[in-house]
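Have a look at the structure below before the remarks.
In what follows, every heavy atom counts, from backbone to side chain, and hydrogens, waters and symmetry copies are set aside. First listed ligand is number 1; within each ligand, the first listed atom is number 1.
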Amino acid sequence: MHNITLIPGDGIGPEITKATLDIIEASGVSINWEEVSAGEKAFEEKGTPLPDEVFESIKRNKVALKGPLTTPVGSGYRSLNVAMRKSLDLYVNLRPARSLKGIKSRYEDIDLVVVRENTEDIYVGVEHMVGEDAAESIKIITRKGSERIVRYAFEYAIRENRKKVTAVHKANIMKYTDGLFLDVAREVASEYPQIEFEDKIVDNMSMQLVQKPELYDVLVMPNLYGDILSDICAGLVGGLGVVPGANIGDGVAIFEPAHGTAPKYAGKNVANPMALLLSGVLMLEHLGEVSAANKITSALQEVLVDGGSLTQDLGGSASTSEFAQAIISKM
Ligand code: NAI
């Protein structure tokens, strides 16, 4: 029995969470879900969008499955996702993008993994106005931050039988920050002679991903490039609605889709639960429940190829719960 923290989230979160939980339960794995509220619901009930009990539960259980949370634009509270990543030091953002038959995209055999640094870079939020007509933002890259993310990428490559790690940077222009990241990447790479290593400048990498994605395998990079390139990779396999994600630290991991709360679909039972489901599959693999993970992936693959029970965003007319039922029937 695994104890897992569950954050259903806002908007479509509760519906896609129910679908995902039903499918995971049908796979036969035994999980005790500890549900906690964050986001709008917690804000209304407890006056804070991120109550202490959320952190306490995640720290206790070490693993969480999380739906999307609303971040108010402009005023209001700051991003809850960023707050969680910072306070739990979840320094890896893992974003695999793999082609699935039955999902329309321009390519058929994509199998890429973006390993994005999640705590540093220009995302530390140190920015200010300089007078009225200029603004400054500080980019922070450290040896420790670079080393642990590059090492994670190599350890992942070994564990998952991957062949190559590509470090992505702009060290030709940002000689100190990205230069440090690249130096550290080369040092760490020298400890893993069994894995091929190369580096690519981020603009070239973006073009290469669109033109020759089959040449790449595991990609590791600082926060900003990772944010952008992981969405490019998602686009290569059908978009944000069909790819999973995970935020991982030492001994703690939160599995969550990259998409948001899709407010226009909330409460209508039409959203696609696939990204959360595949995040759940990553979670099962992380827990060592590989056969349950494989069972779900095969059933999902069959439903996608059948094509008769797809949600609207995939060109079908099935509801969230019908899509989930179709997967459960295949299992
Ligand atoms: P969004 O991802 O919610 O929506 C973008 C587009 O994709 C919309 O057309 C939406 O309807 C569609 N979409 C997204 N997920 C879908 C699904 N599962 N099935 C079918 N269609 C889907 O992004 P948006 O509109 O920028 O953000 C809405 C809210 O979500 C904001 O409050 C934002 O802060 C929050 N957000 C939260 C994230 C998280 O908690 N990890 C990530 C991104 C956004």
Side-chain angles (χ1 to χ4, degrees), residues 5-21 23 36-44 49-50 54 58 64-88 90 92-95 100 103-104 114 116 118 123 125 223 226-228 230-231 234-235 237-248 253-283 300 303-304 309-324 327:
T5 299
L6 178 69
I7 306 168
D10 298 320
I12 58 170
E15 301 152 61
I16 58 174
T17 298
K18 171 152 191 353
T20 298
L21 260 48
I23 296 165
V36 289
S37 296
E40 284 174 330
K41 195 168 158 217
F43 191 64
E44 278 160 24
L50 215 44
V54 173
I58 298 172
L65 183 66
K66 172 186 163 298
L69 298 173
T70 304
T71 300
V73 178
S75 58
Y77 49 81
R78 293 182 78 90
S79 168
L80 305 178
N81 298 310
V82 172
M84 277 196 217
R85 288 167 200 172
K86 269 194 181 165
S87 90
L88 295 166
L90 304 172
V92 182
N93 186 233
L94 186 70
R95 293 273 301 273
L100 286 163
I103 302 272
K104 282 200 199 80
V114 173
R116 163 188 170 192
N118 222 7
Y123 283 35
N223 210 336
D227 194 2
I228 299 167
S230 58
D231 277 20
V237 299
L240 285 186
V242 301
V243 289
N247 293 293
I248 302 169
I254 300 180
F255 296 84
E256 60 171 340
H259 67 67
T261 57
K264 69 179 175 202
Y265 295 139
K268 297 191 174 145
N269 193 26
V270 295
N272 184 354
M274 227 181 107
L276 181 64
L277 177 63
L278 287 173
S279 304
V281 167
L282 280 185
M283 181 195 79
L300 168 66
V303 169
L304 293 175
S309 308
L310 303 182
T311 46
Q312 282 174 18
D313 58 308
L314 299 179
S317 57
S319 65
T320 310
S321 44
E322 284 163 349
F323 181 68
I327 297 170

Quiz item: Taking C-beta and beyond as the side chain, do Phe323 and Pro273 meet within less than 4.5 Å on heavy atoms?
Solution: yes

Practice problem: May I ask you to identify the nearest protein heavy atom to atom 41 (N) of ligand 1, giving residue, atom name and distance to one decimal place in Å? | Solution: Asn81 ND2, 3.4 Å

Quiz prompt | Matching residue for Lys66 among Thr5, Asn81, Asn247, Thr17 - test: side chain to side chain donor-acceptor pair (under 3.5 Å) | solution = Asn81

Quiz item: Is there side-chain contact between Ile16 and His259, with at least one heavy-atom pair below 4.5 Å?
Solution: yes

Quiz item: So, do Leu65 and Leu21 sit near enough that their side-chain heavy atoms are less than 4.5 Å apart?
Solution: yes

Exercise. Carefully, step by step, assess Val242 and Asn272 under the rule side chain to side chain contact (heavy atoms under 4.5 Å, CB included).
Key: CA-CA 8 Å; Val242 301; Asn272 184 354; 4.2 Å; yes

Quiz item: With a 4.0 Å cut-off on heavy atoms, does Ile12 reach ligand 1?
Solution: yes

Quiz item: From atom 34 (O) of ligand 1, is the closest protein heavy-atom distance below 4.0 Å?
Solution: yes

Quiz item: Which residue and non-hydrogen atom of the protein lie closest to atom 21 (N) of ligand 1, and at what distance in Å?
Solution: Tyr265 CE1, 3.6 Å

Self-check item: Backbone of Gly267 reached by a side-chain donor or acceptor of Glu15 within 3.5 Å
Solution: yes

Exercise. Could you tell me whether atom 10 (C) of ligand 1 has a protein heavy atom closer than 4.0 Å?
Key: yes

Practice problem: May I ask you to identify the nearest protein heavy atom to atom 1 (P) of ligand 1, giving residue, atom name and distance to one decimal place in Å? | Solution: Gly260 N, 3.5 Å

Exercise. Would you check if there is a donor-acceptor pair between the side chains of Asp10 and Thr261 at a distance under 3.5 Å?
Key: no

Quiz prompt | Side chain proximity check, Leu278 to Val243, heavy atoms < 4.5 angstrom | solution = no

Quiz item: Starting from atom 25 (O) of ligand 1, which protein heavy atom do you reach first, and at what distance in Å?
Solution: Pro263 CD, 4.6 Å

Exercise. Run the numbers for me: atoms of ligand 1, each under 4.0 Å from some heavy atom of Thr71, listed by number.
Key: 32 (O), 34 (O)

Quiz item: Would a 4.5 Å heavy-atom cut-off, applied to side chains only, mark Arg116 and Asn223 as touching?
Solution: yes

Quiz item: Looking at atom 27 (O) of ligand 1, would you say a protein heavy atom lies below 4.0 Å from it?
Solution: no

Self-check item: Selection from Asp10, Asp313, Thr261 by shortest heavy-atom distance to atom 30 (O) of ligand 1
Solution: Thr261

Exercise. Identify, by atom number and element, the atoms of ligand 1 in contact range of Ala271, meaning under 4.0 Å from any of its heavy atoms.
Key: 19 (N)

Quiz item: Which residue owns the protein heavy atom closest to atom 18 (N) of ligand 1, what's the atom, and how far is it?
Solution: Asn272 O, 2.8 Å

Quiz item: Side-chain donor-acceptor pair under 3.5 Å between Asp313 and Tyr265, yes or no?
Solution: no

Quiz item: Which ligand 1 atoms are under 4.0 Å away from a heavy-atom of Pro68?
Solution: 39 (C), 40 (O)

Quiz item: Considering only heavy atoms, does Gln312 approach ligand 1 within less than 4.0 Å through its side chain, its backbone, both, or neither?
Solution: neither

Quiz item: Which protein heavy atom lies closest to atom 3 (O) of ligand 1, and at what distance to 0.1 Å?
Solution: Ala262 N, 2.8 Å

Self-check item: Atoms of ligand 1, numbered as shown, that sit under 4.0 Å from any heavy atom of Leu69
Solution: 35 (C), 36 (N), 37 (C), 39 (C), 40 (O)

Practice problem: For the residue pair Leu304 and Leu310, establish whether any side-chain heavy-atom pair is separated by less than 4.5 Å. | Solution: yes

Exercise. Would you mind running through ligand 1 and noting each atom that sits below 4.0 Å from a heavy atom of Ala258?
Key: 42 (C), 43 (C)

Quiz item: Quick one: which ligand 1 atoms are inside 4.0 Å of a heavy atom on Glu256?
Solution: 41 (N)

Quiz item: Looking at Lys264, which atoms of ligand 1 are within less than 4.0 Å of one of its heavy atoms?
Solution: 9 (O), 11 (O)

Quiz item: Given side chains that start at C-beta, do those of Leu277 and Ile327 come closer than 4.5 Å, heavy atoms only?
Solution: yes

Quiz prompt | Met274, portion touching ligand 1 at heavy-atom distance under 4.0 Å | solution = neither

